[in-house]
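Notes to accompany the following structure.
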Amino acid sequence: MKRAADSAWAPLAARVFRALWIAQLVSNTGSWMQTVGAQWLLVGHGAALVTLVQTASSLPVVLLALPSGVLADRHDRRKVLLAAQFAMLAVSAVLTVLAFRGALAPGPLLALTFLLGCGTALMGPAWQAIQPELVAREQLGQAAALGAVNMNLARAVGPALGGAVVAAAGAGWVFAFNALSYLGIAGVLLLWRRPAVHQPTGQGEGVFAAVQAGRRYVRHAPGVRRVLLRTALFIPGGAALWSLLPLVASRSLGLGSGGYGLLLGVVGAGAVGGAFALPVLRRRLGANGTLAAGAVVFAATLVVLATTRLPWLAAAALLPAGLAWIGVLSTLNAAVQQRLPGWVRGRGLAIYLVVFQGGQALTAPAWGALADGLGLTVALLVGAGLLVAGALSVRRWPLHSVDGIDPSLSDHWPVPPLVFEPGPADGPVLVSVTYRVARENRAAFSDRMRHVARSRRRTGALSWGLYQDGRDPERFVENYLVASWSEHLAQHHSRLTANDRRFEERARALLVAGSVPEVTHAFDATAGPVVTAEERDTGEAGVPGAGRPSGPRPEPGG
């Protein structure tokens, strides 16, 4: 019998996760109602303007996700989320007032939609990053699937409801509901007594440096890069459906706003129903099989939409598309979350959101232009071709397995034994580690150190090298450069993971029996040599101009 903990719905047993999930469902429903209202107001202005609604919603993520990721990693994520909710509430209120006054021209509509997208960009990394605080790590996959279920439940209800409201009473009422929907999430967050968690503040690290640290981590994390590649190969073709469906509804199927909302609702219903089948499918197909199958199903849906003029047939094709969408997105989302350590989780997820939302934002105008230039049928068939090509590429570029990955913190480096007190900004710092490796292990040692190199670079090294002594072939020297002393202390106490420790232990298992690596820390001397406390007290520094300012020595563990 299947254990409750293994159920697709197990994360809902966590009280805060459940409350946020319900509040998010209301908010997502409002967002879909708002999207239908905005798109339908622009249907008569041409394909390009209709697809720009998606661009206006997604482009802010491309522009702001990385700074938002820095905020999520360096500040209280609960407060970041609250700020985003109240900002979106204010923008939605303006949108509502303009709609009721009849002053909502295409320009202001797209501008306000862009500002709502800015709020989404602000909350995205923080929302994703708090998930490991709400559910157990082994339930992150289920939590990601439930997030997709949430979005698609809202898609099943919101568009149909929004279309009916727009047809009956006008777009102003859907904008008003969306404004009020943000209060639910804000209320849950205000009542949440978030437990104390270690969240580095990035002392001495500017925003640009923090962004660079996030980019550096992803650059040297092959598993995360592969998730981004798979996302980039799926999203452009997948975005064709969301960009062109309003035009399919109005031009090909002859439907009004209510009919368009029902089509979106069918996609959502398919995704919700698919949530029950997804655990079984994932066990049978695996992560990569799920990605390939999802892309093929989505491509088949686009082919049907390109060739049919029958609303019932289009709706039948959209039902499995919902399952495909939730399968692909939950697989990618879980894969990236399982690989990111806490100190860089917000920034890593921000980069994922840039690829995901950026792919939609940048391709939506292209689909509109293609539909205007070559026709709606051609645009849909091109999207299907891209999805099939992406499915075929899974064999060449599969997701890496997450088996054995442990991103939990590992504070296993000893405090550096120094004779002077460097300040946090002192640097750069050259760290040298000397190893003695037996002759028969030298090739294997060099190979295993490649994984150590990635670890050093992910956690802060600007450069890295491994050298073999020309006079003593058993002596190897590892050198890596870190920007500052505070960056190196972060490596010691808040950035290394259990995986990093395992890579080091595998390499050190090849050392000469009884030998211990020797570690030295050298500081930039171009501004003058530093002076030890003893030299300063006795006046024996002997170097004119020596004694550059240094801050207090950081305490171990911080």
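The first residue of the sequence shown is numbered 1, and numbering continues consecutively from there. Computed from a prediction, not measured in an experiment: that's the story for all the values here.
More than 12 heavy atoms of other residues, nucleotides or ligands shown are found within 6.0 angstrom of CZ on R225.
Side-chain contact between D411 and L496: absent, with no pair of heavy atoms (C-beta onward) separated by less than 4.5 Å. When side chains are defined from C-beta on, L134 counts as touching W192, because their heavy atoms get closer than 4.5 Å. Taking 4.5 Å as the limit, some side-chain heavy atom of L20 sits within range of a side-chain heavy atom of I130. With contacts defined as side-chain heavy-atom distances shorter than 4.5 Å, the pair M88/T120 qualifies. Within the 4.5 Å cutoff, no side-chain heavy atoms of R226 are placed close to those of R339. Considering only heavy atoms from C-beta on, W127 comes within 4.5 Å of Q24 through its side chain. Contact of the Q34 side chain with the L95 side chain is registered, since non-hydrogen atoms from C-beta on lie closer than 4.5 Å. Between D500 and S410 the shortest side-chain heavy-atom distance does not fall below 4.5 Å.
Across V26 and F177, no two heavy atoms sit closer than the pair O-CE2, 4.1 Å. Closest approach of A121 and P60 over heavy atoms only: CB-O, 3.6 Å. Contact record, W413 with Q491: CZ3-CB, 3.9 Å, taken as the closest heavy-atom pair. Nearest heavy atoms, L109 versus T113: O-OG1, 2.7 Å. Contact between N178 and G30 at its shortest, heavy atoms only, is OD1-C, 3.0 Å. Between A314 and L305, the closest heavy-atom pair is CB-CD2, 3.7 Å.
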Residues L340, Y217; criterion side-chain contact (heavy atoms from CB on, under 4.5 Å); working and verdict:
CA-CA 9 Å; L340 291 170; Y217 183 93; 3.9 Å; yes
Would L323 and V297 satisfy side-chain contact (heavy atoms from CB on, under 4.5 Å), going step by step from the backbone distance to the final call?
CA-CA 9 Å; L323 169 59; V297 170; over 6 Å; no
Apply side-chain contact (heavy atoms from CB on, under 4.5 Å) to Y352 and V218, showing your working.
CA-CA 10 Å; Y352 165 73; V218 170; over 6 Å; no
L64 vs C118, test: side-chain contact (heavy atoms from CB on, under 4.5 Å). Steps then yes/no.
CA-CA 7 Å; L64 301 177; C118 291; 3.8 Å; yes
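Judged purely by atom type and a 3.5 angstrom limit, W343 uses its side chain to pair as donor or acceptor with the backbone of R495. Listed for the R230 side chain is a donor-acceptor partner under 3.5 Å among the backbone atoms of W397. A donor-acceptor pair under 3.5 Å links the side-chain atoms of R458 to the main chain of H220, judged by distance alone. Using modelled atom types, no side-chain atom of T331 and backbone atom of A287 make a donor-acceptor pair closer than 3.5 Å.
Note: L332 CG to L229 CG = 10.5 Å, rounded to the nearest 0.5 Å. The structure places CG of L262 at 11.5 Å from CG of L318, a figure rounded to the nearest 0.5 Å. Atom OG of S455 is separated from atom CZ of R502 by 11.0 Å, given to the nearest 0.5 angstrom. Residue Y182 holds its OH atom at 9.0 Å from CE of M123, rounded to the nearest 0.5 Å. Taking CG of L89 as the reference point, atom OG of S27 lies at 10.5 Å (rounded to 0.5 Å). Within the model, atoms CG of L190 and CD of Q85 stand 10.0 Å from one another, a figure rounded to the nearest 0.5 Å.
The aromatic rings of W325 and F234 lie tilted to each other, with the angle between the two planes from 30° to 60°. The aromatic rings of W173 and F100 stand perpendicular to each other, their planes meeting at an angle above 60°, with 30° marking the opposite boundary. The aromatic rings of F298 and W242 sit tilted relative to each other, their planes meeting at an angle between 30° and 60°.
A donor-acceptor contact closer than 3.5 angstrom is absent between the side chains of N499 and T497.
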